[in-house]
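To start, the structure under review is shown below, and the notes come after it.
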Amino acid sequence: MADDLVSKRNAKAPVWQYFGFKPNAKREPENVNEAICKLCLTKVAASGGNTTNLYTHLQAHHKNEAAKLGNAVKNRPQKPDEQVQPSISDAFKRCTKYKRDSVRWNKCTDAVTKYLCKEMVSFNTVEKQSFKDLVTTLDSQYELPGRTYFSKTAVPRAYNRIRGHNLNLALSNTIEKTEKARTDRALSVCRTINGMFSHSWKRRRELQKAQVHLGLPEHSLVTDCATRWGSKQKMIDRMLEQRTAINRVLAEDRKVNVSITWQDEDVLQSLNKALKPVSEFTDILSGENYVTASSLLPVLRLIKEDTLAPSDDDSQLTANLKAGIVSILDEKYKALPEASQQLMRKTTFLDPRYKGDYDSNVEEIKKMIEEEAVILGRKAQSVHSMREEGEQNEEADIVVDPQPKRKKTLASLLKRKSDTVTVNLTIPEMVVSEISTYAQESPIHAEQDPLAWWKENQSRFPLLAKVAKKYLCVCATSCASERVFSTMGNIVSPTRSHLKPEMVNMLGFLAKNM
């Protein structure tokens, strides 16, 4: 009987629903090489699970079931991981490698070039077998070039494509110049405590427990860096935040005789009150993805007139520190070369957020920008004229059929003479007009992007926009250049010590700008 037959285990072919095996005592197939038809109980050879004889039997003796089976197989939805046999043309296409001038090959090569530059790995990576296997798995039609191609062709080409033009001023450290003895002791206590926790995992664990118990933020302590005064403020701020938890942990350790006393806390509070606002300005001016140089003069005025202005509730240490910072900022600004001061004034005027509001002699800066815009405008005009002359010479070599004479229309006859009159201004006149119009407009909101404003208004101020592009890209601090040095240090590693200076320059540029 068909009901007594047992089905084949893990059967995937649909035809097995019509066949089974004679069971043994354990209800397992007695002979897996001999299938029995459930419809007519005929024995059919199925050696090794082969289904050819099964399909043949259905087509010969059970045509209706064979037809249903054929339609079911044809209309069965394809599974995501199921492989479909490709056509002959598709198979040949998959075996053919991309041509080097094809869009797909260049797109894949650009992606590999970006990986080499952004991740700062050696060119030898492309010749490692595991990397080749990875690329082949992702796209078997892409033929990966060798290291020479990337070092001699791909990277220089990317460098030339992305290459652009990117004064750096920094605030000075004044802590040691004010109340030296008291500040030295307080900072020394902070550094000692930092060292005790950084070298003991047990103290760090106890600090975390104390933070949870006291409801304090679970922050780690911050160690200052000798070359960055901003790190001192961050260390002080973190010490004040965690002083309760720190004193609790140190009080339970009998081997330690260090703690933050009320005198130290008073000094740290005074230092933090003076340094924190300046530190916030420094962090903002240290950016490189937005305009910063134009904000130097406004920030200097704000610091002197508001942020570091004397207050009645200032301690003597805070008041002295504020006065010391303001004095040093004045000295630093007055000691700057004339070119640096002019640069700061020009960027402030060209920033539509400020314009001439922070310059006592704005007419002098207008005159300087006017002269520079005229030079840039004439240079651009000269390049444009040479380009047009070259195009005209090329067109002169081409024979063009004369255009037939057009019949006059009513509109051309009634055209007013004034319609044909155009005003041709010289470049100096255009510059004066642009600067006058720009200066009369109201400043934009402080949160708006000046570069986006210039992009939108470039058609209104084509010559002045050239000067704005030149100056607004300047970074206000040295942080951006220091980040570049760090990037270069990651590129020129012990395993890549034979890179030539030109290649190091290209890789560093692409890592920062790609």
Side-chain angles (χ1 to χ4, degrees), residues 8-16 46-55 69-163 487-488 490-500 502-514:
K8 176 180 172 60
R9 289 185 179 181
N10 302 322
K12 294 183 179 180
V15 72
W16 282 108
S47 184
N50 195 305
T51 59
T52 303
N53 293 340
L54 307 184
Y55 281 110
L69 183 63
N71 292 332
V73 173
K74 183 177 180 180
N75 298 326
R76 179 171 57 91
Q78 182 182 345
K79 297 180 180 179
D81 58 345
E82 185 177 6
Q83 295 184 353
V84 179
Q85 184 176 1
S87 62
I88 296 178
S89 59
D90 290 339
F92 275 111
K93 286 181 180 178
R94 293 181 183 180
C95 295
T96 305
K97 299 293 184 180
Y98 297 129
K99 294 183 179 180
R100 290 210 167 194
D101 58 350
S102 65
V103 176
R104 178 62 182 170
W105 187 90
N106 283 285
K107 190 174 181 180
C108 292
T109 304
D110 290 343
V112 177
T113 305
K114 184 177 181 179
Y115 167 74
L116 296 176
C117 296
K118 293 294 288 184
E119 301 303 325
M120 294 177 282
V121 296
S122 67
F123 295 122
N124 190 45
T125 302
V126 300
E127 295 186 349
K128 294 180 178 179
Q129 189 59 44
S130 58
F131 188 81
K132 291 182 178 180
D133 293 342
L134 171 65
V135 173
T136 303
T137 302
L138 295 176
D139 194 338
S140 58
Q141 292 180 258
Y142 174 63
E143 186 175 7
L144 184 67
R147 56 182 294 183
T148 304
Y149 178 84
F150 285 101
S151 62
K152 301 292 185 182
T153 305
V155 168
R157 184 174 60 193
Y159 174 78
N160 292 328
R161 184 177 72 247
I162 304 175
R163 183 181 180 183
T487 301
M488 293 299 188
N490 293 331
I491 293 174
V492 186
S493 62
T495 57
R496 306 180 72 188
S497 57
H498 291 286
L499 288 172
K500 294 183 179 180
E502 297 82 4
M503 183 54 62
V504 173
N505 179 46
M506 291 182 186
L507 292 174
F509 175 84
L510 293 175
K512 299 296 292 183
N513 297 280
M514 201 168 196

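Just so you know, residue 1 is the first one in the sequence shown, and it goes up from there.
Residues passing the side chain to side chain contact (heavy atoms under 4.5 Å, CB included) test with T487 are M120, I491, A511, K512, sequence neighbours excluded. Scanning for side chain to side chain donor-acceptor pair (under 3.5 Å) contacts around S493 gives T495, with sequence neighbours left out. Considering only residues two or more places apart in sequence or on other chains, V15 meets the side chain to side chain contact (heavy atoms under 4.5 Å, CB included) condition with A13, F19, T51, L54, Y55, L58, L69. Shown here are the side chain to side chain contact (heavy atoms under 4.5 Å, CB included) partners of N50, two or more places apart in sequence or in another chain: T52. Shown here are the salt bridge (charged side-chain N to carboxylate O under 4.0 Å, His left out) partners of R100, two or more places apart in sequence or in another chain: there are none.
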Dump the intermediate steps for side chain to side chain contact (heavy atoms under 4.5 Å, CB included) on F150 and T109, then the final yes or no. CA-CA 9 Å; F150 285 101; T109 304; 3.9 Å; yes

Checking V155 against F509 for the side chain to side chain contact (heavy atoms under 4.5 Å, CB included) test, could you report, in this order, the C-alpha distance in whole Å, the side-chain angles of both residues, the deciding distance, and whether it holds? CA-CA 10 Å; V155 168; F509 175 84; over 6 Å; no

Apply side chain to side chain contact (heavy atoms under 4.5 Å, CB included) to the pair V135 and D139, showing each step before the final yes or no. CA-CA 6 Å; V135 173; D139 194 338; 5.9 Å; no

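In plain terms, the two heavy atoms of E143 and W105 that are nearest each other are O-NE1, 3.1 Å. For the pair V126 and L144, the tightest heavy-atom approach, listed with the atom from each and the gap, is O-CD2, 3.2 Å.
K152 contributes atom NZ, which lies 15.5 Å from atom CZ of R157 (distance to the nearest 0.5 angstrom). One finds the CE atom of M506 at 10.0 Å from the OG atom of S151 (value rounded to the nearest 0.5 Å). A distance of 11.0 Å separates CD of E502 from CG of L499, quoted to the nearest 0.5 Å.
Applying the side-chain hydrogen bond (donor to acceptor under 3.5 Å, both in side chains) definition to pairs two or more places apart or across chains, those involving residues 112-130 are Q129-D133.
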